[in-house]
Amino acid sequence: MKTLPLLLALLALTSFGPKPKLMTVKLAPGLSVAVPQGFTPLPDEGIAVKFPSPRKPLAVFSNPSGRVDYSISVRPTTFGPDYNILLPFYKASVQRLYTKVEFLTQEVRKVNGRDFVALEFVSTLTDSRRSAITLAAIRKYEYIEYAVQGEQLYIFSFSAPADEQAQWRPVAQAALSDISLK
């Protein structure tokens with residue numbers, strides 16, 4: 001019983017903490033995002049190393065240490081904007097990518113008047129190869145939002161080491177709550 005008042009007091013104190021400092025960046029006509037202050041755009045060479053894919057992200061911003069990334073990607077899609085159908089679809093896609101996924105948030109939410117599928121989770125990826133050397137599991141805190149605009153799927157992804165989740169979660173939530181897509 002003594003822990004409940006202490007927990008409530010801690011929650012009250014942390015909810016009034018300083019708001020993360022963000023700067024608005026216009027990426028394309030009709031698309032602006034809030035990027036954490038101190039994050040810088042990754043050059044094409046850095047994107048190619050960190051995000052090897054045939055489709056390069058529209059933009060990637062990293063913190064000074066390079067351990068935390070905020071990426072924005074655009075992909076063609078044939079899905080309509082029925083977000084209640086897209087939520088379980090993208091949740092299942094995320095679960096297939098990792099060994100273990102602990103969801104913190106899984107919802108359809110409004111950001112600046114527009115619906116987004118929001119998935120916030122801690123992922124674990126373990127080495128499943130049978131070899132003499134077993135690599136340590138990789139754990140990440142990730143917050144991803146998906147939005148459909150016409151025939152384009154926009155993916156906003158914030159990723160940080162899981163052991164830094166307490167530091168980066170409020171920043172990710174603030175940044176992904178300030179997307180303007182028209």
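Predicted model, so just to flag it, every value in this text is computed and none were measured.
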Residues Val108, Asn84; criterion side chain to side chain contact (heavy atoms under 4.5 Å, CB included); working and verdict: CA-CA 7 Å; Val108 175; Asn84 291 318; 3.8 Å; yes

Matching residue for Tyr141 among Arg169, Glu102, Gln167 - test: side-chain contact (heavy atoms from CB on, under 4.5 Å): Arg169

For Tyr143 against Arg109, the heavy-atom pair lying closest together: OH-NH1, 3.1 Å

Euclidean distance, Ser93 OG relative to Tyr146 OH, rounded to 0.5 Å: 6.5 Å

Salt-bridge contact Asp115-Lys110 (side-chain N to carboxylate O under 4.0 Å): yes

For the student: nearest non-hydrogen atoms of Asn112 and Ser180, plus distance: ND2-N, 4.1 Å

Sequence neighbours excluded, every pair satisfying side-chain hydrogen bond (donor to acceptor under 3.5 Å, both in side chains) that has a member inside residues 31-44: Asp44-Lys56

Val35 versus Val25, closest heavy-atom pair with distance: CG2-CG2, 3.8 Å

Residues clustered with Leu42, ILVMFWY side-chain links under 4.5 angstrom: Ile47, Phe51, Val60

Val122 vs Lys140, side chain to side chain contact (heavy atoms under 4.5 Å, CB included): CA-CA, chis, key distance, verdict: CA-CA 6 Å; Val122 175; Lys140 291 214 170 239; over 6 Å; no

N/O donor to acceptor pairs below 3.5 angstrom from side-chain atoms of residues 155-166, sequence neighbours left out:
residue	atom	partner	partner atom	Å
Glu164	OE1	Trp168	NE1	3.1
Glu164	OE2	Arg67	NE	3.0
Glu164	OE2	Arg67	NH2	2.5

Greater than 12 external heavy atoms within 6.0 Å of Gln152's CD: yes

